[in-house]
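Each ligand, and each atom within it, is numbered from 1 in the order the structure gives. Residue numbers run from 1 in the order of the sequence given.
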Amino acid sequence: MTIGILALQGGYVAHAHMLDALSISWKYIRQVRELAEVRALILPGGESSTMLRLLRETGLFPAIQTAGQRGMPLFGTCAGAILLAKKVYAPEQDSLGMMDIAVKRNAYGRQLASCVAQGSSHLKNPMEMVFIRAPEIEILSSEVQIIAAHEKKPVCVQQGRCLAATFHPELGHDTTLHAYFVGLLGQV
Ligand code: GLN
C-alpha cells in the first residue's frame, strides 16, 4: 500500500515525514502516470494558485478528479484543501471540486495569518493546529462531517473518502490525522 504525495509545489516533504513516522510507504506524484502506482493522494499546503497552474500543465487536474470520482482517498491540507473545495473565494479560483465545501482564502487576515493553536477533535482532544495563512471552510452539504474544530469553526472536514484540513497536521508531531486518513483506505 503506497500513498501518493502531490509534489508540484509547497510543503510536500513534511507529509513524507509523517508517513515515515507511521511506517507507511509513499511516493511523490509529479506526473499523471505515477498516479496509477498509489492507492491514495495527499495534496499539501503551499500556494493553491501556483499548484492549480501546475496541475493543469501536467494534466494532473483531470487525472486527480477521475481518481477521486473512482473512490481514491484524497487528503488536502491548507492549499490542498482549497484545491479540493467546490467553491473558492477571495479571490475566486478554479478547483478540483471534490468536496461540498466553499473556502475563503487567507480568511484569518494578516495578524492571525500564522499561529499554533489548540483545537478540538473527536479523534484527539485537544489537537495542536498550525495555521499558515489558512482558509475558512463553509460546509455546503449534510454529507460533510466535521472532524476537527477551532473556535467553533470547522477546520478539518470529511466527505466520503476525502479529507480537508485548513491547518497543517504535517508540521506538528501528531500523526493522528494522517493515521485516520490511512484508515480510510481500508474502506476502499
Ligand atoms: N494562502 C494559501 C493559498 O491560498 C494557502 C496557505 C497554505 O497552504 N499554508 O493557497
Side-chain angles (χ1 to χ4, degrees), residues 3-19 26 28-30 40-58 60-61 64-65 68 73-119 121 127-140 144 146-151 153-159 162-178 180-181:
I3 298 208
I5 304 172
L6 184 68
L8 298 175
Q9 190 267 343
Y12 48 86
V13 176
H15 283 285
H17 291 157
M18 280 280 146
L19 295 179
W26 53 266
Y28 288 143
I29 302 295
R30 296 189 171 100
L41 183 68
I42 294 176
L43 297 91
E47 189 52 42
S48 56
S49 51
T50 306
M51 274 193 237
L52 200 56
R53 180 173 55 77
L54 296 170
L55 283 173
R56 291 233 182 263
E57 281 175 18
T58 54
L60 276 165
F61 188 97
I64 293 172
Q65 276 181 323
L74 305 172
F75 180 16
T77 62
C78 205
I82 295 171
L83 292 172
L84 292 179
K86 187 174 251 177
K87 269 202 149 312
V88 180
Y89 302 105
E92 256 181 57
Q93 74 186 16
D94 205 4
S95 54
L96 295 164
M98 305 307 296
M99 297 181 75
D100 293 329
I101 55 173
V103 297
K104 190 171 163 201
R105 293 176 65 198
N106 305 313
Y108 290 88
R110 279 172 90 184
Q111 238 184 338
L112 276 178
S114 306
C115 67
V116 182
Q118 300 292 328
S121 168
M127 184 180 265
E128 191 178 270
M129 299 174 175
V130 178
F131 291 96
I132 305 172
R133 298 180 67 231
E136 204 169 88
I137 294 178
E138 184 193 338
I139 293 172
L140 302 177
V144 178
I146 298 175
I147 301 297
H150 174 245
E151 291 181 346
K153 289 179 183 163
V155 290
C156 180
V157 294
Q158 177 181 359
Q159 181 174 10
C162 288
L163 199 60
T166 61
F167 60 98
H168 291 271
E170 74 280 12
L171 294 181
H173 300 285
D174 184 358
T175 53
T176 303
L177 272 180
H178 285 77
Y180 181 71
F181 177 61

Suppose I only count heavy atoms of [X] and a 4.0 Å limit; which atoms of ligand 1 are within that range?
X    : result
S48  : 3 (C), 4 (O), 10 (O)
G46  : 2 (C), 5 (C), 6 (C), 7 (C), 8 (O), 10 (O)
I82  : 3 (C), 4 (O), 10 (O)
I132 : 6 (C), 7 (C), 9 (N)
R133 : 1 (N), 5 (C), 6 (C)
C78  : 5 (C), 6 (C), 7 (C), 8 (O), 9 (N)
G45  : 8 (O)

>> Set out, in order, the CA-CA distance, both residues' side-chain angles and the distance that settles side-chain contact (heavy atoms from CB on, under 4.5 Å) for M127 and H150, then state yes or no.
In response: CA-CA 9 Å; M127 184 180 265; H150 174 245; over 6 Å; no
> Considering only the protein, which heavy-atom contact is closest to atom 1 (N) of ligand 1, and what is its distance?
Replying inline: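 Heavy-atom neighbour on the protein nearest atom 1 (N) of ligand 1: N106 OD1, 2.7 Å.
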> How far is atom 4 (O) of ligand 1 from its nearest protein heavy atom, and which residue and atom name does that atom have?
Replying inline: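 Among all protein heavy atoms, the one nearest atom 4 (O) of ligand 1 is R105 NE, 2.6 Å.
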> Would you call K86 and E138 a salt bridge, using N to O less than 4.0 angstrom?
Replying inline: no
>> Checking F75 against I42 for the side-chain contact (heavy atoms from CB on, under 4.5 Å) test, could you report, in this order, the C-alpha distance in whole Å, the side-chain angles of both residues, the deciding distance, and whether it holds?
In response: CA-CA 5 Å; F75 180 16; I42 294 176; 4.2 Å; yes
>> In the structure I gave you, are the side-chain heavy atoms of L177 and I147 within less than 4.5 Å of one another anywhere?
In response: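 SC-SC contact between L177 and I147 confirmed.
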> Is there side-chain contact between C78 and I132, with heavy atoms separated by less than 4.5 Å?
Replying inline: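 Sidechains of I132 and C78: no contact.
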> How far does OG1 of T58 sit from CZ of R53, to the nearest 0.5 angstrom?
Replying inline: 10.5 Å
> Where do A164 and I101 come nearest, in terms of heavy atoms and distance?
Replying inline: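 Result for this residue pair: CB-CD1, 4.2 Å.
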> Does ligand 1 have any atom sitting under 4.0 Å from a heavy atom of H168?
Replying inline: yes
